[in-house]
Amino acid sequence: MKLDESDYLIINYEKENDCFVQFWKKSPESFAVLKKEFLNFRSYYEKYTPSKTLWLQQNFQLEVNKEMHQWIEENINKPGVEWGNEKVAFVVGKDVLVHLSVMNYFEEQNSVIHPVHFASEKEAREWLNGNINHTKIDSQIKILFEGVDDEGNSIIKIKRASSDIANTIMSFGHLLEENNFLKSNIANYAKLTKREKEIMVIFAQGLRQKEVADRLFISIETLRTHWKNIKKKLNIKSVADVIKYVNSFDMN
């Protein structure tokens, strides 16, 4: 049953499945429009109190910032749970980076809802209706080069099981994060001496300062001088920062 249709969002209620289904006809251009659509959705949710929600995000392209996510949490997610929401599913949109921002929010914040992300509406509905269990898998990934488009951009196709779409998107996120870290810190990394890089690799293995000094046959005072110089050059404070450099710059 169609409850509402705006210029942006269609809201359907499937009574037999006790499920709300939202489809974005087109993406909101601003947070003001997004809030308006969400508040309209909320008014129907309060009236019908379904236990399941399906968001069809194929056309959604507005990257949501932290402040907007927090607004959604307080004004949509929390009331929804109070009104009986138990399961939420998302069908991944065409703009993978936008959907990644949504996934990152739920991964990093203590949200009251724990949505599951799917590549297709069919898989999402099967999970919502209890016909399949959603378990994270580690399927084989294939990367195919398919040539160059008319604008001179390389076309790369990623092939992986659709049931593993969440892991695939999160992998993109980790790759982009690491690439940004490399670009931002390559100049600082170039300042390191060979000995300082060697010390960082050993520190990343979890050894204490005395153990590192003994392995390198240097005094603890010399090691501390090296560590002071490393921290200054890289503007870091902890071994956790060292590990990030070692992994990102493949120093092992």
Side-chain angles (χ1 to χ4, degrees), residues 63-67 69 92 95-111 114 117 135-148 152-161 163-252:
E63 188 167 354
V64 181
N65 61 23
K66 184 177 180 180
E67 290 73 23
H69 274 303
V92 175
D95 193 324
V96 174
L97 296 183
V98 168
H99 199 85
L100 177 63
S101 71
V102 175
M103 295 178 65
N104 282 338
Y105 170 78
F106 288 110
E107 287 283 333
E108 297 169 2
Q109 304 299 320
N110 188 27
S111 176
H114 306 282
H117 306 267
T135 56
K136 291 185 177 181
I137 61 175
D138 188 16
S139 59
Q140 185 179 8
I141 187 170
K142 293 182 180 180
I143 303 177
L144 307 175
F145 174 65
E146 297 205 333
V148 180
N153 300 308
S154 297
I155 302 173
I156 307 295
K157 177 181 286 187
I158 308 294
K159 297 185 71 174
R160 198 174 193 178
S163 56
D164 206 18
I165 186 65
N167 284 339
T168 302
I169 293 177
M170 292 303 293
S171 295
F172 284 138
H174 296 322
L175 180 62
L176 290 171
E177 181 181 351
E178 185 172 291
N179 183 58
N180 290 335
F181 181 83
L182 288 171
K183 289 192 296 184
S184 300
N185 295 283
I186 184 66
N188 290 337
Y189 175 76
K191 298 175 185 177
L192 296 171
T193 66
K194 181 178 179 181
R195 174 62 92 183
E196 288 167 348
K197 292 176 183 177
E198 188 177 8
I199 289 172
M200 288 180 66
V201 171
I202 300 175
F203 263 133
Q205 297 172 2
L207 275 67
R208 297 183 177 180
Q209 287 192 0
K210 186 177 185 309
E211 295 171 318
V212 175
D214 290 344
R215 179 179 292 192
L216 296 175
F217 302 104
I218 59 177
S219 68
I220 190 70
E221 289 77 14
T222 299
L223 176 66
R224 286 171 178 166
T225 298
H226 282 306
W227 177 231
K228 181 179 179 180
N229 291 335
I230 290 170
K231 290 192 293 183
K232 183 177 180 180
K233 289 178 180 180
L234 301 183
N235 191 27
I236 62 176
K237 298 180 180 180
S238 67
V239 175
D241 297 324
V242 170
I243 294 173
K244 187 167 186 176
Y245 264 93
V246 169
N247 292 335
S248 296
F249 284 92
D250 197 20
M251 296 169 65
N252 289 308

Is there a donor-acceptor contact under 3.5 Å from the side chain of [X] to the main chain of [Y]?
X	Y	value
Ser248	Tyr245	no
Asn188	Asn185	no
Thr222	Ile218	no

Does Phe249 have Lys197 sitting over its ring (NZ/CZ under 6.0 Å from centre, angle to axis within 45°)? no
What distance do [X] atom [atom1] and [Y] atom [atom2] have between them, rounded to the nearest 0.5 Å?
X	Y	atom1	atom2	result
Lys228	His226	NZ	NE2	13.5 Å
Ser111	His69	OG	NE2	10.0 Å
Ser101	Phe106	OG	CZ	10.0 Å
Ile230	Asn235	CD1	CG	14.0 Å

Mind jotting down which residue pairs meet the ring pair (Phe, Tyr, Trp, His ring centres under 6.0 Å) criterion with at least one end in residues 193-218? Sequence neighbours excluded, please. Phe203-Trp227
Just do the salt bridge (Lys or Arg N to Asp or Glu O under 4.0 Å) check on Arg208 and Glu211 with the steps written out, would you? CA-CA 5 Å; Arg208 297 183 177 180; Glu211 295 171 318; 5.4 Å; no
Answer yes when [X] and [Y] have at least one side-chain N-carboxylate O distance shorter than 4.0 Å, and no when they do not.
X	Y	answer
Lys233	Glu196	yes
Arg224	Glu221	no
Asp214	Lys210	yes

Please indicate whether Lys232 has more than 12 foreign heavy atoms, meaning atoms of other residues, nucleotides or ligands, lying under 6.0 Å from its NZ. no
